[in-house]
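Please read the structure below before turning to the comments.
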Amino acid sequence: MASAAATPEAAPPAPPPSGAALPVRNKGLLTFGVMLATIIQILDTTIANVALPHMQTSLGATADTITWVLTSYIVASAIAIPITGWVSDRIGSRNLFLISIVGFIISSALCGAAQNLEEMVAFRVLQGISAAFMNPLSQTVMLDINEPKDQQRAMAVWGMGIMIGPILGPVLGGYLTENFNWRWVFYVNLPLGLICLGILWWVLPSRPIRKRGIDVIGFSLLAIGIGALQLMLDRGQGEDWFSSVEIWIETLVAVIALWMFAVHMATGKNPMFERGLWKNRNLVTALAFMQVVGVVMMATMALLPPMLQNLYGYPVIDTGLLLMPRGVGVLVTMALSARLIARGLDPRIAVGLGFALAAWSLYDMTQWTLEMGSTPFIVSGFIQGLGMGLIFMPLNGMAFATLSPHLRTEGATLTNLSRSIGASIG
C-alpha cells in the first residue's frame, strides 16, 4: 500500500511560475553532462547494428541467434522504463541517475569483453536496464533546472540529442568496426560515460525523495505486455510474422496483459502511474503524436545508413556526410521554433507544418532509384530534418506545459516509452 507521502496533498509544492524547480549555478555544464548521457544512451540503440556480422563470427553465433544482441537490449530497456518515476522517488533522482550511468559504463565494458553469445546477451540486458532510466531522468533535469520561459529552448536542446543519435549510431558503429574492432562499439561508451559521470557527480541536484509503494500488479502486467510486444516486433521479420506460432503467442500475451493493465489503471486503488497524468490533455495528445513520430521517423533514420552502404555502395564516411543534412535541418528548426513559440506562435501550427514537411520528404524518397546521384539524399534529408525539428520540440513543450513539477519524471517516462514503442513498430 502506498504511504501517505504518495498522496497529491503531500506532493512537493509547485515552484513559483518565475523560477526553476531546481536552480543550479553551473547550468551550462550540467546541460552538457545531461546531453552527453542522452546521446550515448540513444547511440547504443543503433550503434551495434552494423557490427552484428563481425560479432557473429567472434561469438560463435548463428544468423538467427545473433539478433538477440539487439533484442535483449530493447526488451530490457522497455520493461525497465515504466518504473523510472517510482525508483526516482524512492532513492532520489540524483542517486538513480548516477547509478544508471555507473551501470551503463560497467555493462558496456562487459559487453566489449564478452567471449560468447550467452555472456553478450546477459550483459546487454544489464546495459538496457541501466540505459532505461537515463532518458526520462535527463528530460526531467532539463525541465527542472530551467525557468518556465526557457523550457521550450531546453526541450529543443534535449530533442537534438534524441533525433541526431539514431543517425550517428550506425555510422559511428561502422567506422569503429572497420578501423578498430567490433568491441570498440561498446568500449567507446567508457570515456564518454566517465566524463558524464564526473560532471553529474559534481553539479547534479536531486529532486525531493517521496516514499511511496510500488504497484506490483500494474508493473507486472505492463512489463509482461511490453516485453511480449517488443519480442513480437523484433522477431517478427525473422519468424515470418503470423505464420509463426511464437509470434501469435507473443501477440496474444501482449494484448491480454496491456488490456488488463489499462483496466487496473482505471480501477486500482494505488495505480502505477498517477491518474492525474491521464487527465492532462496536453500530455495524452503528445503521447499519441510521439508514437506517430516513432513509427514514421525513427525507422527511417535507422534504415538509411545500411541502405546507403549496402545498396548504393557508399563507404562509411560518405554515408555519414550524406546523413548530416538531416541533422542540420533538425538543428535549424528546433532553434527557430523555440524562438517563434516564445514569441507567440501556436505550437499546433508548428507541429502541422512539421508533419507536412516530413510527408513531403517521405514522398520524395519513394521516387529514389539505384541509378541516381547523391543530391536527392541531401535534399530529402534536409527537408525531413526541418520537419522533425518542427514536430519534436513543440510536442515536448506541449507535453509538460501544464504538468505539475512533481509529475515530470513519470510524464517523461511515458513520453520516452511511447516513442520507443513507436520506433519498434516502425
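For clarity, every value in this text was computed on a predicted model and none was experimentally measured.
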With a cut-off of 3.5 Å and sequence neighbours excluded, list every side-chain donor-acceptor pair involving residues 251-264.
residue: Thr251; atom: OG1; partner: Ile247; partner atom: O; Å: 2.7
residue: His264; atom: NE2; partner: Asp215; partner atom: OD1; Å: 3.0
residue: His264; atom: NE2; partner: Asp215; partner atom: OD2; Å: 2.8

Describe, in one word, how the ring planes of Phe186 and Trp182 are oriented to each other, choosing from parallel (under 30°), tilted (30 to 60°) and perpendicular (over 60°).
perpendicular

Quick one: are Phe133 and Phe97 in side-chain contact, heavy atoms under 4.5 Å?
no

Contacts of type side chain to side chain donor-acceptor pair (under 3.5 Å), residue Ser361, not counting sequence neighbours:
Gln384

By side chain to side chain contact (heavy atoms under 4.5 Å, CB included), which residues pair with Trp201, not counting sequence neighbours?
Arg94, Leu98

Does Asn116 reach the main-chain N or O of Glu119 with its side chain, forming a donor-acceptor pair under 3.5 Å?
yes

Side chain proximity check, Pro205 to Leu30, heavy atoms < 4.5 angstrom:
yes

Please report the interatomic distance CG(Leu190) to CZ(Phe104), rounded to the nearest 0.5 Å.
10.0 Å

Test item: Met142 and Thr31 side chains (from C-beta on) under 4.5 Å apart, heavy atoms
yes

Using the test salt bridge (Lys or Arg N to Asp or Glu O under 4.0 Å), find all partners of Glu246 that sit at least two apart in sequence or belong to another chain.
Arg235

Could you tell me whether a side-chain N or O of Tyr314 sits under 3.5 Å from a main-chain N or O of Leu308, the two making a donor and an acceptor?
no

State, yes or no, whether a side-chain contact exists between Arg90 and Val87 at a heavy-atom distance under 4.5 Å.
no

Could you check whether any side-chain heavy atom of Ser88 comes within less than 4.5 Å of a side-chain heavy atom of Leu137, counting everything from C-beta outward?
yes

Shortest non-hydrogen pair, Ala132 vs Ser77, comes out as CB-O, 3.4 Å

Between atom CG of Asn26 and atom CH2 of Trp202, what is the distance when rounded to the nearest 0.5 Å?
5.5 Å

Measure the OH-CD1 distance between Tyr73 and Ile129 for me, rounded to the nearest 0.5 Å.
11.5 Å

Assess whether atom CD1 of Ile217 is packed by more than 12 heavy atoms of other residues, nucleotides or ligands within 6.0 Å.
no

Stepwise side-chain contact (heavy atoms from CB on, under 4.5 Å) check, Leu43 with Val188
CA-CA 11 Å; Leu43 278 176; Val188 72; over 6 Å; no

Measure the shortest side-chain to side-chain distance between Ile226 and Ile81 over non-hydrogen atoms and say whether it is less than 4.5 angstrom.
no

Tightest non-hydrogen contact, residues Pro136 and Thr84, listed as CB-CG2, 3.9 Å

How about Asn146 and Lys27: do any of their side-chain heavy atoms sit closer than 4.5 Å?
yes

Any chance you could measure Leu29, atom CG, to Ile199, atom CD1, to the nearest 0.5 Å?
5.0 Å

Within the side chain of Gln115, is there an N or O that forms a donor-acceptor pair under 3.5 Å with the backbone of Ala113?
yes

Check: Ser100 side chain, Leu96 main-chain N or O, donor-acceptor pair, under 3.5 Å:
yes

Closest non-hydrogen contact found for Ser72 with Val125 is CB-CG2, 3.9 Å

Sequence neighbours excluded, every pair satisfying side-chain hydrogen bond (donor to acceptor under 3.5 Å, both in side chains) that has a member inside residues 101-111:
Ser108-Gln127, Ser108-Asn189

Drop me the distance from Ile145's CD1 to Leu204's CG, to the nearest 0.5 angstrom.
9.0 Å

So Leu117 and Val69, do their side chains get closer than 4.5 Å, heavy atoms only?
yes

Between Ile101 and Gly193 the two heavy atoms that sit nearest each other are CG2-O, 3.7 Å

Would one find more than 12 heavy atoms of other residues, nucleotides or ligands at under 6.0 Å from atom CZ of Phe355?
yes

Side-chain polar contacts of residues 287-296 - donor-acceptor pairs under 3.5 angstrom, sequence neighbours left out - could you list them?
none

Closest heavy-atom contact between Met120 and Cys111?
CE-O, 3.1 Å

Starting at CG of Asn135, measure out to CD1 of Ile39 and round the result to the nearest 0.5 Å.
10.5 Å

For Gly329 versus Thr333, what's the shortest heavy-atom pair and its separation?
O-OG1, 3.0 Å

